Amino acid sequence: MDDLEKAILISFDESGAVDSALKAQAVGYCQQIKETPSICSICIERLCFSKLVQVQFWCLQCLHEVLRVRYSSMGPEEKSFIRKSVFSLACYESIDDKNLVRVLDGPAFIKNKLAQVMVTLICFEYPMIWPSVFVDFLSNLSKGVVVIDMFCRVLNALDEEFISLDYPRSQEEVAIAGQIKDAMRQQCISQVVRAWYDILLMYRNSDPDLCCSVLDSMRRYVSWIDIGLIANDAFVGLLFELMLVSGFPDQLRGAAAGCIHAVAAKRMDPKAKLTLLQSLQIRKVFGLVAEDNDSELVSSVSSLLTGYSTEVLECSKRLNSEDGKAVSTELLNEVLPSVFYVMQNCEIDETFSIVQFLSGYVGTLKSLAPLTETQSLHVGQILDVIRSQIRFDPAYRNNLDMLDKTGKEEEDRMAEFRKDLFVLLRSVGRVAPDATQLFIRNSLASAVASNGDVNVEEIEAALSLLYAFGESLSDETMKTGNGLLGELIPMLLSTKFPCHNNRLVALIYLETVTRYMKFFQENTQYIPLVLSAFLDERGIHHPNRNVSRRASYLFMRIVKLLKAKLVPYIETILQSLQDTVAQFTTIYAVSKELSGCEDGSHIFEAIGLLIGMEDVPLEKQSEYLTALLTPLCQQVEALLLNAKAQNPEESPAKITNIQQIIMAINALSKGFSERLVTASRPAIGLMFKQTLDVLLRILVIYPKIEPLRCKVTSFIHRMVDILGSSVFPYLPKALEQLLAESEPKELAGFLLLLNQLICKFNTGVQDILEEVYPAIASRVFNILPRDAFPTGPGSNTEEICELQELQRTFYTFLHVIATHDLSSVFLSSKSRAYLDPMMQLILHASCNHKDILVRKACVQIFIRLIKDWCVSPYGEEKVPGFRSFVMEAFATNCCLYSVLDKSFEFRDANTLVLFGEIVLVQKVMFEKFGNDFLVHFVSKSLQSAHCPQDLAEQYCQKLQGSDIKVLKSFYQLLIENLRRQQNGSLVFR
């Protein structure tokens, strides 16, 4: 063993026993050898003498790389030497008398690498330099199995490297493939096909693996060779023999099926294609699918049947003649029963392809009315297929019920798997609605009649069919309950399945009832049954927590939809929900499962929607609301009473309790409107004010508990919505508590509350704003960094994200103040100190912020401030220094320099809107500052950007004109002109 072989062995070592430095040295030595001019000779020599597979692989890999990189620079003699040597290796010949080793005796990966080297040579040399390569190879096939196997590997490698369209190809590769195929068609493909036929005849009984290799090569080439070479009585007969004779191995039979599939998939004129498909007599293989439901053969035959059916269907679509359509229909009618059998009885990988085919088939039925007896039978079989495929495996029943890791994975897998099947179901439902409804009714009746524990999966599948079918129905159809729907829905409601305690069955049952809610809007006689389904052990009182949570949410949706129709049942509903509500009126009743989730709030929202209607008499409304709010508020008071003396271990439980109560009251309030609470029934409003008073005490007792502050803030939002201006007396205390010691995230939430107040009450909140704005500005300017936020690795921390969110919210807050006639807040005696930092902040953002929408908001702030604070060109300044700041700093930097920057992209829609605001603010400045603005902007700003005099004069004319669109178009042209002129030489800002 010489140094090179040792180095190769060391470089390939994966045991970990070799020192890393030594390994690096070995790799370096191999690389050094690879770069020597005589590397091809070195490699070929080693391939003749070395029995070490690592050395053989390295040499072949090296040859492959060198040929790809250096072929064009090689001399004719070197190319000839490599060609003869590689071909000799591939044909099991000696390169010279001393040749002791045959590469073809090596393992499969060595032979595959040799095939890759051969294909690289073919790519460069066939057909111009080496036109006889395939003919020469064919003449060597008589040497037996080892050379035939190598020939197949070369053909397969050629397909994978250049010909197959299953991989993305460059234009150069497509050109090479076209050249090779054209030459092979003209020169040798008929001889190759003859060789395939002879080999299959000779070796079908003695060497099935070799025959599989030949069939694999043939399958790849069928798509581009003359189909007549394969689609003839002799060859097709042989392929069917290989497929049908039970004595042959499944792998060989499956490979023959793959070739027939390739023949059926050949791209052709539809008329000729239909004749070809007819000639295949596919009925011969129908019996194979029943041999062994999960064998490799059945999978291959299933693929053949699906492919064949798809091709027949395509011909049917493309042919207009009656004869063509009749033949297509006959062939489809013949093959479909086997396709259905495969789907229902066999474990195969073709499910997706079959569903796609069936969807296409159903699509063709849409234009046919009425359906023939055979087509109606097919529709029924398709529905059978869908039902069998969407059933869960009983083996996972316990996992799915407990929803452990395995159950969750299976549920997710099935949800994805079912999508296409449900699309198919809805298509069938549109083509044959009556047949689909009848099928679902029978499925449901059959599932109900069977033993529930045994047929959990049957019941779940039947309910899922009904649920999915609902998606294909129009609102009108659902409301009127046409056809069997009027029988199906009552049947669903009146049924208590023996396996209703199963999580999957309970969930799909509730989802299905909810899906058909529009039916109950028109058919109110069924409302008591709907309520029972949700209020008894099938829904909110189901033993499984996941089911009861979902039932609570769905019940809330039902109440939203039916609302007034439920007034007669309010007493019954509240009585049924007493125990559920009681969870929130008992100290420490919150279980670990409920902790931190908001499922309980859905019940309170539903109750609020019910009792908050004006249809409910005032006395009853007050009674219901008192019965709910009083115990909840008492519980909060009790929890707060001893908060300071509590055991630290009890604190988290109490905080969780308080959170749940706030969420419940918040949800309850969603059913009450501002008109009802403030105008028609102020007594109800008083009850909510008293509740607000109690909940605000939480901020005093727990000033630093962030979850509680968030929940109380959310409740104040609700009270602003329903109490209107009567909430004002409570705001100073609330805002003071919320602002104290607030973190960036809480401060952002606080600003959102103020935005809501401003948008709702406008100048009505001026006094409140003048009181809180100085404290807000002080906090914000202390928290936010003076420079830009850091970028790059490590800059996306939670802390930085919270600060960025606070900054965005603060810009929105300033914008809301400015655009609601409240800009005088910035000028109050307490706020004056923050005017300059605020102006600098919005100036910087209007020029540089990466969010275009923020920049637009900041420009709009300037527009409003200019309008509010600048009375006329020659009047007294309301805000000393503001006018010169706007003209010198804002106009120059934002209106000119920021848009000259190439990052200002006119092709972006949002940027174009921002540009419109920048043009508008110039118009406003001219209206307010007159010629002072014009002189400053033209003589200083535009001149600094080297604006030509004629363009500057045109700018003055357009600005003084009345058409803002004309000004915008001109200003864009001016900016683009200045950009071209400077060509990036002027650095702005």
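Remember, predicted model here, so these are calculated numbers, not experimental data.
Atom NZ of Lys923 is surrounded by more than 12 heavy atoms from other residues, nucleotides or ligands within 6.0 Å. The neighbour count for Glu917 CD, taken as heavy atoms of other residues, nucleotides or ligands under 6.0 Å away, is above 12.
The existence of a salt bridge linking Arg697 and Glu637 is confirmed by a sub-4.0 Å separation between a basic side-chain nitrogen and an acidic carboxylate oxygen. Comment: Glu805 engages Arg808 in a salt bridge, judged by a side-chain N to carboxylate O separation of less than 4.0 angstrom. Under 4.0 Å is where a charged nitrogen must lie from a carboxylate oxygen, and between Arg681 and Glu614 no such pair does.
Looking at every heavy atom in both residues, Gly764 comes nearest to Phe728 through O-CE2, 3.3 Å. Closest heavy-atom contact between Ser846 and Phe890: OG-CE1, 3.9 Å. For Ile783 against Pro744, the heavy-atom pair with the smallest separation is CG2-CG, 4.1 Å. Nearest heavy atom pair, residue Met925 against residue Ala891, reads CE-CB, 3.9 Å.
Thr809 and Thr812 are not linked by any side-chain donor-acceptor pair at a separation below 3.5 angstrom, with hydrogens and angles left out of the test. Side-chain contact of Asp821 with Gln766: a donor-acceptor pair under 3.5 Å is absent, judged by distance alone. Between the side chains of Glu571 and Tyr624, at least one donor N or O sits under 3.5 Å from an acceptor N or O. A donor and an acceptor atom, one from each side chain of His844 and Asn893, are nowhere located under 3.5 Å apart.
The side chain to side chain donor-acceptor pair (under 3.5 Å) with Arg709 is formed by just one residue from the set Glu746, Glu743, Gln737; it is Glu746.
Aromatic pair Phe826/Tyr773: ring centres closer than 6.0 Å. The aromatic ring centroids of Phe926 and Phe933 lie 6.0 Å or more from each other. Aromatic ring centroids of Phe915 and Phe906 lie under 6.0 Å apart.
A donor-acceptor contact shorter than 3.5 Å links the side chain of His542 to the backbone of Asn544.
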* Worked check of side-chain hydrogen bond (donor to acceptor under 3.5 Å, both in side chains) between Asp579 and His541 -> CA-CA 9 Å; Asp579 57 340; His541 291 96; 3.0 Å; yes
